[in-house]
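What follows is a single structure, written as structure tokens, with notes after it.
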Amino acid sequence: MSQKKLISDNSSSYQIQRACTPNVLIFGETGVGKSSVINLIAGERLADVSAGASSCTMEATSYDVVLTDNQGVGHHIRLFDTVGLNEPSLSKNNYLGAIEKANVLITQLQRTGGIRLLIFCIRGSRITAVMQNNYRLFRDILCQNQVPVAFVITGLENEHPMENWWNRNAALFAKSNLSCTSHVCVTATRGLDDVYVSQYQLSQTAIHGMLLEHLSKTSWEPERTGWFIHLAGKLLKWVTMITDRKLHLPGQPKSLTVEELARHLKEKCKIPGEDALQLAGKIWAKRVENTGPDLAL
């Protein structure tokens, strides 16, 4: 996992502060503006807005920033730009890559205090299967419905006021079982010649307020191995659903086996052989449980 910092300080007090900094995961499909939202929060160009098109699901880049409240007090926060699904389905190879990245992400999150907040980045458009599956992947599978979700709706520079978009669409989200604890409607670009600077500043104030509000809450921090088994097993259920539907089609790749999974855990996740086989068996057992979200197709 790569990491970029807005602030730099080698003092021991700073390192202690970093160790207990709240973690916020920002997710959504490629192109919805996750990197632009990070730059909006940071107040400068921190994330590369052109990155991510070829990234793997669950791959993450972290950014340390400081938010200042109304009393002038600085609050450290760590933002994770996390790659979600870009297609409604999940292939065998996509799955193996995703659990490899998830292993890295979960290790980092568990070492630094868990997850405080999920931010779901949504482009102001219609609700799609990809959008629904990303929501289920992060809220239900990664976070087991234990972490609050905030919606950040982007691309609203031509909406006046921006909140009107949510007023028109909130009922559609509720109908699709996409719920949030808070939301902000934003413009994450200043536009050519700062044509949207007013909306941009309003957006920055709104998203800072939402983040500061969640800093008083408690992070969710499950046990690491069980966390990984749950995520890998539930994602495997999605892969199995897709594979079962395509078995009758010619030229389809063979289904994933538990032996392949164990080999991948050993080679890519650096888990010792016997441990990898046992872990693969536990993941394999999770895939047949009836609990957990289904894949929207």
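Excluded from the calculations below are hydrogen atoms, water molecules and symmetry mates; all remaining heavy atoms, backbone and side chain alike, are included. Small disclaimer: the values here were computed from a predicted structure and weren't measured.
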So, the side chain of [X] versus the backbone of [Y]: is there a donor-acceptor pair under 3.5 Å, distance only?
| X | Y | value |
| --- | --- | --- |
| Glu260 | Thr257 | yes |
| Asp193 | Val195 | no |
| Glu223 | Thr225 | yes |
| Gln199 | Glu157 | yes |
| Arg45 | Asn39 | no |
| Arg139 | Gln144 | no |
| Glu59 | Cys56 | yes |
| Thr181 | Val149 | yes |

Under 3.5 Å, is there a donor on one side chain and an acceptor on the other for [X] and [Y]?
| X | Y | answer |
| --- | --- | --- |
| Asp64 | His76 | no |
| Thr61 | Asp81 | no |
| Tyr196 | Ser203 | no |

Value rounded to 0.5 Å, distance of [atom1] in [X] from [atom2] in [Y]:
| X | Y | atom1 | atom2 | answer |
| --- | --- | --- | --- | --- |
| Gln108 | Arg111 | CD | CZ | 4.5 Å |
| Ile26 | Ile119 | CD1 | CD1 | 4.5 Å |
| Cys143 | Leu137 | SG | CG | 9.5 Å |
| Leu277 | Glu259 | CG | CD | 7.5 Å |
| Thr30 | Asn86 | OG1 | CG | 3.5 Å |
| Asn94 | Lys92 | CG | NZ | 11.5 Å |

Between [X] and [Y], which heavy-atom pair has the shortest distance, and what is it?
| X | Y | result |
| --- | --- | --- |
| Gly233 | Lys286 | CA-CB, 3.5 Å |
| Val239 | Tyr95 | CG2-CB, 3.4 Å |
| Met210 | Ala150 | SD-CB, 3.5 Å |
| Phe138 | Thr82 | CE2-CG2, 3.5 Å |
| Gly84 | Thr57 | O-OG1, 3.3 Å |
| Leu156 | Gly124 | CD2-CA, 4.4 Å |

If Ile, Leu, Val, Met, Phe, Trp and Tyr residues are connected whenever their side-chain heavy atoms lie under 4.5 Å apart, and connections chain through other members, are [X] and [Y] in the same group?
| X | Y | value |
| --- | --- | --- |
| Ile127 | Leu85 | yes |
| Leu142 | Val130 | no |
| Leu256 | Ile229 | yes |
| Val197 | Val186 | no |
| Val32 | Leu117 | no |

Legend entry - Worked check of ring pair (Phe, Tyr, Trp, His ring centres under 6.0 Å) between Phe27 and Phe120: CA-CA 5 Å; Phe27 70 97; Phe120 187 15; 4.7 Å; yes
Inset, instruction - Assess whether side chain to side chain contact (heavy atoms under 4.5 Å, CB included) is satisfied between Trp227 and Leu109, documenting all intermediate values. - result: CA-CA 11 Å; Trp227 192 1; Leu109 292 170; 3.9 Å; yes
Legend entry - side chain to side chain contact (heavy atoms under 4.5 Å, CB included) assessment of Lys268 paired with Leu96: CA-CA 9 Å; Lys268 299 298 184 179; Leu96 292 173; over 6 Å; no
Answer whether the closest heavy-atom distance between the side chains of [X] and [Y] falls below 4.5 Å.
| X | Y | result |
| --- | --- | --- |
| Tyr200 | Thr189 | no |
| Ile115 | Phe80 | no |
| Phe228 | Ile99 | yes |
| Asn23 | Ser219 | no |
| Val66 | His75 | no |
| His208 | Gln204 | yes |
| Val83 | Met58 | no |
| Asn133 | Arg136 | yes |

Inset, instruction - Give a yes or no on whether the ring-centroid distance for Phe151 and Phe173 is below 6.0 angstrom. - result: yes
Legend entry - Member of Leu46, Val24, Ile38, Thr21 meeting the side-chain contact (heavy atoms from CB on, under 4.5 Å) criterion with Val65: Leu46
Inset, instruction - Salt-bridge test for Glu29 and Arg123: reply yes if a basic N is under 4.0 Å from a carboxylate O, no otherwise. - result: no
Inset, instruction - State whether Arg168 and Glu163 are salt-bridged, where the test is any N-O pair (Lys NZ or Arg NE/NH1/NH2 against Asp/Glu carboxylate O) under 4.0 Å. - result: no
Legend entry - CA sep, side-chain torsions, deciding dist, call: Asn134, Met131, side chain to side chain contact (heavy atoms under 4.5 Å, CB included): CA-CA 5 Å; Asn134 271 307; Met131 183 187 297; 5.9 Å; no
Legend entry - Enclosure of Asn167 CG (heavy-atom neighbours >12, cutoff 6.0 Å): yes
Legend entry - Residues Ser179, Tyr135; criterion side chain to side chain contact (heavy atoms under 4.5 Å, CB included); working and verdict: CA-CA 9 Å; Ser179 61; Tyr135 179 83; 3.2 Å; yes
